[in-house]
Amino acid sequence: MSHHNSKRQEQTKLIEKLTKKHTCNFKKHEIEKLIYMYQELVKNSPPSYKIDRSKFRDLLHQHFEMTDDILLDRVFRAFDQDSDNYISQEEWVTGLSTFIDQTEPESVIKFCFMVYDLNGDGYISREEMFQLLKYSLVKQTHDEDSDESIKELVELILKKLDRDHDGRVSLTDFTTSVKEEPLLIEAFGTCLPSQKMRDCFRTLICEGQAKKL
């Protein structure tokens, strides 16, 4: 079997797998288009032929107008499920499903939680809240907000999110709070694309049929 045919078979298997995957909400023709986009993005990126952090940040800038460096890095880590510092084709499609489709609220909440849990220990601590809010507020106001003001804000948000009163926010705390008050989902900075950007990207992958793989 030629290398080209073998590659095509691999792609067909991956598309079938993703079409059946319960965490992927794209239709088959959308998945085909996303795989084609992925291949176009990485065709000049040996030796890995995978999306790296730099290319991913460029994509978020271009397609979703997201520019917050700290949060862009965290979004990359949320996509990079196996933590190998690259986004594979499967991670690309399943990550975008949560990012764009957002029909599974629990997946979206978990995604945002992972972004905000800076050290990956399963909790958003006061320190992590402080770091995220300080960066976000200084970026928005172009002014060095006093640490005391940010600490007060951390305590206010913690009161809303910390359901079991242990001084930190677990995924359960976060999920319960966001379900009651949806605006809290991006309490520590913008890590999801706007509805307008999501619609634009969805239109892009729905237009016409994907090119042959």
Shared hydrophobic cluster, [X] / [Y] (ILVMFWY, side-chain heavy atoms < 4.5 Å):
X    : Y    : answer
L14  : M37  : yes
Y135 : L71  : yes
I109 : M114 : no

Subject >> R168: partners by salt bridge (charged side-chain N to carboxylate O under 4.0 Å, His left out), with sequence neighbours left out >> reply: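 Checked R168 against salt bridge (charged side-chain N to carboxylate O under 4.0 Å, His left out); matches are D166.
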Indicate yes or no for a side-chain donor-acceptor contact from [X] to the backbone of [Y] under 3.5 Å, with no hydrogens or angles considered.
X    : Y    : answer
R198 : L192 : no
Y38  : V93  : no
E181 : V178 : no
D117 : D121 : yes
K55  : L41  : yes

Original post:
What residue pairs, at least two apart or across chains, pass side-chain hydrogen bond (donor to acceptor under 3.5 Å, both in side chains) with a residue in residues 77-87?
Top reply: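 Applying side-chain hydrogen bond (donor to acceptor under 3.5 Å, both in side chains) to every pair that reaches into residues 77-87, excluding sequence neighbours, yields D73-R77.
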**OP:** Only pairs at least two apart or in different chains count here, so list each side-chain hydrogen bond (donor to acceptor under 3.5 Å, both in side chains) that has a residue in residues 42-52.
**Re:**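 Every pair satisfying side-chain hydrogen bond (donor to acceptor under 3.5 Å, both in side chains) with a residue in residues 42-52: E40-K43.
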Taking the side chain as every heavy atom from C-beta outward, state whether [X] and [Y] have any atom pair closer than 4.5 Å.
X    : Y    : answer
E152 : L156 : no
F26  : I100 : yes
L153 : F130 : no
L133 : F188 : yes
E128 : V169 : no
M129 : I150 : no
F111 : V75  : yes
L96  : F79  : yes

Original post:
Does K160 have any side-chain hydrogen bond (donor to acceptor under 3.5 Å, both in side chains) partners at least two apart in sequence or in another chain, and if so, which?
Top reply: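 For K160 there are no side-chain hydrogen bond (donor to acceptor under 3.5 Å, both in side chains) partners, ignoring immediate neighbours.
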Original post:
In chain order, what residues pass the side-chain hydrogen bond (donor to acceptor under 3.5 Å, both in side chains) check against K110, with sequence neighbours excluded?
Top reply: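 side-chain hydrogen bond (donor to acceptor under 3.5 Å, both in side chains) check on K110 returns nothing, list empty.
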Specify the closest pair of heavy atoms between [X] and [Y], including all atoms of both residues, with the distance to one decimal.
X    : Y    : result
L184 : F174 : O-CE1, 4.0 Å
E30  : C206 : OE2-SG, 3.1 Å
R202 : D101 : NH1-OD1, 2.9 Å
A78  : V115 : CB-CG2, 4.2 Å

With no hydrogens and no angle check, do the side chains of [X] and [Y] hold a donor and an acceptor under 3.5 Å apart?
X    : Y    : value
D58  : Q62  : no
S88  : E90  : no
S146 : S149 : yes

Roughly how far, to the nearest 0.5 Å, is the [atom2] atom of [Y] from the [atom1] atom of [X]?
X    : Y    : atom1 : atom2 : value
Y116 : L132 : OH    : CG    : 7.5 Å
I185 : Q102 : CD1   : CD    : 7.0 Å
N25  : S107 : CG    : OG    : 7.5 Å
L161 : I124 : CG    : CD1   : 7.0 Å
S125 : L158 : OG    : CG    : 9.5 Å
K33  : I205 : NZ    : CD1   : 8.0 Å

Subject >> Within 6.0 Å of CD in E16, more than 12 heavy atoms from elsewhere >> reply: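 More than 12 heavy atoms, drawn from other residues, nucleotides or ligands, come within 6.0 Å of this atom.
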Subject >> Atom CD of E155 with >12 non-hydrogen neighbours under 6.0 angstrom >> reply: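 Yes, because the 6.0 Å sphere around CD of E155 holds more than 12 heavy atoms from other groups.
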**OP:** Apply side chain to side chain contact (heavy atoms under 4.5 Å, CB included) to the pair H63 and L204, showing each step before the final yes or no.
**Re:** CA-CA 10 Å; H63 289 295; L204 181 70; 3.8 Å; yes
Original post:
Taking it one step at a time, do R57 and D69 satisfy side chain to side chain contact (heavy atoms under 4.5 Å, CB included)?
Top reply: CA-CA 8 Å; R57 285 157 75 103; D69 285 340; 3.1 Å; yes
Subject >> All ring pair (Phe, Tyr, Trp, His ring centres under 6.0 Å) counterparts of F64, not counting sequence neighbours >> reply: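 Applying ring pair (Phe, Tyr, Trp, His ring centres under 6.0 Å) to F64 gives F99, F201.
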Subject >> Chi angles and distances behind the side chain to side chain contact (heavy atoms under 4.5 Å, CB included) call for W92, L59 >> reply: CA-CA 12 Å; W92 161 251; L59 281 161; 3.8 Å; yes
**OP:** Show your reasoning for whether side chain to side chain contact (heavy atoms under 4.5 Å, CB included) applies to E32 and I35.
**Re:** CA-CA 5 Å; E32 288 171 346; I35 294 291; 5.9 Å; no
Subject >> Charged N-O contact under 4.0 Å between E65 and K196 >> reply: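 No, E65 and K196 are not salt-bridged.
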